[in-house]
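Since this is a predicted model, take the numbers as computed values, not measurements.
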Amino acid sequence: MTAARARRAPPEPDIVPPWITLLTDFGPRDTYIGMMKGVIATIAPRAVVVDLSHGVAPQDIVDGAYLLATSYRYFPAGTIHVAVVDPGVGGTRAILAMEFGGFRFLAPDNGLLGGVLGGKAPDRLVEVKNTRYFLPRVAATFHGRDIFAPVAAHMALGAKLDELGPARAEMPKQPWPEASAVPGGVRGEVIYRDHFGNCITNIRLDENAAGTARVAGKDLPLSSHYAQAARGELVALRGSSGYLELAVREGSASERFGLDRGAGILWIPAARSG
Amino acid sequence: MTAARARRAPPEPDIVPPWITLLTDFGPRDTYIGMMKGVIATIAPRAVVVDLSHGVAPQDIVDGAYLLATSYRYFPAGTIHVAVVDPGVGGTRAILAMEFGGFRFLAPDNGLLGGVLGGKAPDRLVEVKNTRYFLPRVAATFHGRDIFAPVAAHMALGAKLDELGPARAEMPKQPWPEASAVPGGVRGEVIYRDHFGNCITNIRLDENAAGTARVAGKDLPLSSHYAQAARGELVALRGSSGYLELAVREGSASERFGLDRGAGILWIPAARSG
Amino acid sequence: MTAARARRAPPEPDIVPPWITLLTDFGPRDTYIGMMKGVIATIAPRAVVVDLSHGVAPQDIVDGAYLLATSYRYFPAGTIHVAVVDPGVGGTRAILAMEFGGFRFLAPDNGLLGGVLGGKAPDRLVEVKNTRYFLPRVAATFHGRDIFAPVAAHMALGAKLDELGPARAEMPKQPWPEASAVPGGVRGEVIYRDHFGNCITNIRLDENAAGTARVAGKDLPLSSHYAQAARGELVALRGSSGYLELAVREGSASERFGLDRGAGILWIPAARSG
């Protein structure tokens, strides 16, 4: 096999690394994430760790659940997604491991996994209890390093969900209110505000959606992209994750129009002819 | 071959990973970068992705162009540099793939690549149009995930520029004004302000440069490093990227002296004897 | 060997990557870290680089020393920890390479390594002087790229400390004041404030410690974890790195109680019976 062919050949199954993503509210200042990566490397040296984000607002489960729900499917099948936004660390909240849609997940039982499921049932769900996969000493204040990282690393090495703890029947909590049908449309709210100030709602649109968003005293017909709008003007569009989104071209919709999480919005679908 | 030798041996060409760097204005809060890495891993599992920076000021092309221009050459030959600062996403701006100086580049056609070239011609330049290398569905608001990431991954797998789209004759735009010769010296301006508050100008100096920088009402003889100055004092030096730079030892030149992008500066080279 | 077995088998010594961690005050805006990774990849393509943190407060050696001291041991044996917080760059400060506890370290001689040692002697300590391992041209303002990165990469390839420069007898500086015994207890101070606003002190506690922390006019019995406290209430606990720590459940101890680095604290151990 030539070098050129080797580069193009599909990867051999025994060489492809297992991927682990990390989503936390640990921020950029501390070494908490670095320590988790060190623990993973020590146990599973071939695992490739990818940062999903560490900028979740501190202890904000809706934020984390939204980011996980809209990102997990873009990774290779089998990827282990680890989410640690954990106000209850050291208390009695459970830790869940889940299989869903060909991916694996590890997170505290506080709603972080509910956005991924979107009301569907997990393929497999266990409560993580087998301390054999934990670090020998578990600090009550840092389960990320002492439980989540080593358990994820052992999952990367091949540990099955059954080995981590007992099956669990109760569904993971839902992290945000569902949008609801009302006369003439769908009532929802802003659930996430991104770095650019775009405001994403809990209203899902299909790819061919057409209609009007009523928000902040305006009726906005659905646009197809930012560049369609004049600068400074509020536009409604189907965002890259399939949710109705409010944006301002080259500006912050959130700041200019005072939109924050919880801001109400009404989606009025166009009447369909034919 | 012993283990010790294996570690020291130069890497085999078919084992060395292809490197992909990412430079964006996506910031640390969202998972946009994580999603791009997931798409790359799915297509090109052996590619190693390195973050160049995701802290480019939102939609600020000069910022991005400066960072790319001063960083790209420090990577292994063949590295694919992907820059996504893209106020025109979803509009009609083209996407460019370029070969230059042994490296490959992928960016919107908005000036991001102009700093790398510094007025020279690219070795090869195409407009990326072949949708076979895109994700099957392209969201109008997130070409980073749906076009840039998969195209870069296919480049890592061996796709040639010719396969991505038609050759392009028009040069990439220049992102910042050139410094200009004036009687007695060179007139330039601040084009970048770094995390430490150092202000970097568009005036290139060679390694043996000597002379005086006139800025903020001061005449500053060129220093060789920060430690040469007293604390709090403004110094002019040849920065690590070869540009004339203004700094304050253990402080922020930008804050203390009100220097921001566009601030004018005059470089007066020393008279050369002999 | 089957594919399944290959995944579970312990890694072959000649295939396991050498790990390099980076700890700097370079922040998220610039490409300084990216350039360092490019230099490392060019020299040592198989090395895996892990970010420990780049959010050290600018030029703050105590911050950096604390983060390094509490993180280094969580990585695979032999990991090369590179710390660049370097107000004296370009001046006369030495660069140190050190072996300690099965790990390798590279940092300016300014106190960054003192926290790791905690008063113990290094296993091996040299002053890095061999310019053969530097980039050919060293910018006076960016030793991270031109010295630290290439030296670390050569260490990853197998360069021994003896090859880097002469042995050094003088101990690395201590970065923070030691806690001191006083009648009835131990007097210490806050040395680090994390992203959540938790305040970590220089008072080490063993795992079974019991007693009371006197701080900000309060006497706080040692708690075992955040969840034990009411919201908004200040608690004292043994943090995940073994130091006495002040925290507020779902809030910032630093902001609510005006605690910052240097804030005094008295630890009063419980009288032991028996």
With a 4.5 angstrom heavy-atom cut-off, could you sort out which part of A:Asp194 is near chain B: side chain, backbone, both or neither? both

Can you name the residues that form a side chain to side chain donor-acceptor pair (under 3.5 Å) with A:Asp60, not counting sequence neighbours? A:Arg261

Which residue out of B:Asp25, B:Ile40, B:Ile33, B:Val138 racks up the most heavy-atom pairs below 4.5 Å with chain A? B:Asp25

Check each atom of B:Tyr32 against the heavy atoms of chain A and say whether the ones under 4.5 Å are side chain, backbone, both or neither. side chain

For A:Thr21, is it the side chain, the backbone, both or neither that has a heavy atom under 4.5 Å from a heavy atom of chain B? neither

Tell me, for A:Leu68 versus chain B, whether the close heavy atoms (under 4.5 Å) come from the side chain, the backbone, both or neither. neither

Test item: A:Trp19 and B:Pro45 side chains (from C-beta on) under 4.5 Å apart, heavy atoms: yes

Go through the atoms of A:Glu245 and report whether side chain, backbone, both or neither lie under 4.5 Å from a heavy atom of chain B. neither

Within the structure provided, determine whether A:Tyr74 and B:Thr31 are in side-chain contact (heavy-atom separation under 4.5 Å). no

Contacting moiety of A:Tyr192, where chain B heavy atoms sit under 4.5 Å: side chain

State, to 0.1 Å, how close B:Gly38 and A:Pro76 come at their nearest heavy-atom pair, and which atoms those are. O-CD, 3.9 Å

Please check: side-chain N/O of B:Arg145 versus main-chain N/O of A:Ser240, any donor-acceptor pairing under 3.5 Å? yes

Taking A:Arg193's backbone N and O only, do any of them form a donor-acceptor pair with B:Arg29's side chain (distance below 3.5 Å, no angle check)? yes

